[in-house]
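Each remark here refers to the structure printed beneath this line.
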Amino acid sequence: MNPHLYRLAKSALFCLDPETAHHLTLTGLRLAESLRLIPLIAGARVDDPVTVMGLRFPNRVGLAAGMDKEANTIAAFGHLGFGFVEVGTLTPRPQPGNPKPRLFRCIPQQAIINHMGINNPGVDRGVENIRRTRRFHGILGVNISKNEFTPNREAHQDYLACLRAVWDVADYVTINFSCPNVPNLQELAKADSAADLLSLLKSEQSNLAQETGRYVPLVMKVSPDMQDAQISELAHVFLDCQLDGLICTNTTTSRCGVEGHPAATESGGLSGKPLYNRANETLEAFAQQLGGDIPIIGVGGITTAEDAVAKIKAGASLVQLYSGFIFQGPPLVREAANAIRKTCAAI
Ligand SMILES: Cc1cc2nc3c(=O)[nH]c(=O)nc-3n(C[C@H](O)[C@H](O)[C@H](O)COP(=O)(O)O)c2cc1C
């Protein structure tokens, strides 16, 4: 895509409040996709196929969860050059999320703070939307979690219900237990709770694989706000349970890098450039502990092609974009995919 075109669109969109801009963008993308305009403005997807978790990814750059929460814009994002798109987070029942405003830009820092609270249409509607709008020759991840008011002791029932509901439409399923905007959700990331939850999910995965003759990899998405000891304990749980993949990382509760910005006092998760170092430290720590046995998807703070390459060098097999895509626009997808292709070809 022509960078000038994106700069023009961005300056108009950044005049609007962030959530309105988000909805307008997704509506525009769906319209452009239905008129078959996106390939004309975005160009061809970078071809750099790679097999990870037994799945053939057309290239290593994906869209992170939370952008297409309703799973109804998949084809449009696919045409923007992503090799994979992760939709959701979806929960068993629809939920409105937190009161607005709940999404804030820190423009000079290329950062976003959000306390959306996993607003989503519920897993059944999400699956309907996927069936209707998939038209995407790439890999589709579906991110699932529990409903906000489901107590943690019953959380496994929500995750299991979602896993069953999305099984037929997902290429991989991500377990979101690291969102900082759902009270107490991260309690589930303590080693004992994670081991209980993961063994139930792995056993259901194996039942479903037997019933359907199709294996769908399970991926856990972790927080960047963990100490080394918790990373090490979790890594052991993941290895014991033969987890299929890991996403490093979700947003952080730290405000490091946005101090003094008016939005810094908002509660919730910080993403974008200021998250980059912490997300990479978490990625490196997990990569070291997992020793290559579980593939990692690196996300957090990628705003340049070099950032994306550095995640691969730090041990990621794939990367995802969110905030960088908002600030840099669609050109970042191709730039990152091309830079990774060149780097991997040279290794
Ligand atoms: C507005 C917003 C909403 C998000 N919603 C979700 C979500 O529903 N589920 C999830 O797993 N991650 C969600 N994320 C986290 C992103 O997927 C990603 O992990 C994080 O933003 C770090 O990447 P980035 O620095 O490139 O933005 C959200 C992030 C933002 C900014």
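Along the sequence shown, the residues carry numbers beginning at 1. No hydrogens, no waters, no symmetry mates; every other heavy atom, side chains included, goes into these values. Keep in mind the model is a prediction, meaning the values are calculated, not measured. First listed ligand is number 1; within each ligand, the first listed atom is number 1.
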[X], portion touching ligand 1 at heavy-atom distance under 4.0 Å:
X: Ile247; result: neither
X: Asn176; result: side chain
X: Asn114; result: side chain
X: Gln320; result: neither
X: Lys69; result: side chain

Nearest protein heavy atom with distance in Å, relative to [atom]:
atom: atom 22 (C) of ligand 1; value: Leu275 CD2, 3.6 Å
atom: atom 4 (C) of ligand 1; value: Gly66 CA, 3.7 Å
atom: atom 15 (C) of ligand 1; value: Asn250 OD1, 3.5 Å
atom: atom 21 (O) of ligand 1; value: Ser271 CB, 3.3 Å
atom: atom 23 (O) of ligand 1; value: Val299 CG2, 3.4 Å
atom: atom 27 (O) of ligand 1; value: Ser323 OG, 2.6 Å
atom: atom 7 (C) of ligand 1; value: Thr89 OG1, 3.4 Å
atom: atom 26 (O) of ligand 1; value: Tyr322 N, 3.2 Å

Which ligand 1 atoms are under 4.0 Å away from a heavy-atom of [X]?
X: Gly301; answer: 24 (P), 25 (O), 26 (O)
X: Leu103; answer: 1 (C)
X: Asn143; answer: 10 (C), 11 (O)
X: Gly272; answer: 24 (P), 25 (O), 27 (O)

Are side-chain heavy atoms of [X] and [Y] found at a separation under 4.5 Å?
X: Glu306; Y: Val309; value: no
X: Ile175; Y: Leu188; value: no
X: Ile112; Y: Phe327; value: yes
X: Pro58; Y: Arg45; value: yes
X: Leu318; Y: Val50; value: yes
X: Ile312; Y: Thr343; value: no
X: Arg135; Y: Glu33; value: yes

Pairing donors with acceptors under 3.5 angstrom, does anything connect the side chains of Thr174 and Lys221? no
Any N or O of [X] that comes nearer than 3.5 Å to an N or O of ligand 1?
X: Ala65; result: yes
X: Ile112; result: no
X: Leu321; result: no

Does some non-hydrogen atom of Thr251 fall short of 4.0 Å from ligand 1? yes
Would you check whether Thr249 reaches within less than 4.0 Å of ligand 1, judged by its heavy atoms? yes
Got a donor-acceptor contact below 3.5 angstrom from the Asp158 side chain to the Thr150 backbone? no
Are the side chain of Gln95 and the backbone of Glu148 linked by a donor-acceptor contact shorter than 3.5 Å? yes
Could you tell me which non-hydrogen atom of Lys202 sits nearest to which non-hydrogen atom of Gln242, and how far apart they are? NZ-O, 2.8 Å
As a quick check of understanding, evaluate side-chain contact (heavy atoms from CB on, under 4.5 Å) for Asn181 and Ile118, giving each step before the final call. CA-CA 8 Å; Asn181 301 318; Ile118 312 197; 5.9 Å; no
When Ile, Leu, Val, Met, Phe, Trp and Tyr are grouped by side-chain heavy atoms lying under 4.5 Å apart, directly or through other members, which residues fall in the same group as Tyr215? none
After noting the C-alpha distance and the side-chain angles of Thr251 and Leu270, does the key distance pass the side-chain contact (heavy atoms from CB on, under 4.5 Å) rule? CA-CA 5 Å; Thr251 56; Leu270 169 71; 5.7 Å; no
Check: of His115, Lys221, Met116, min heavy-atom distance to atom 12 (N) of ligand 1 comes from Lys221
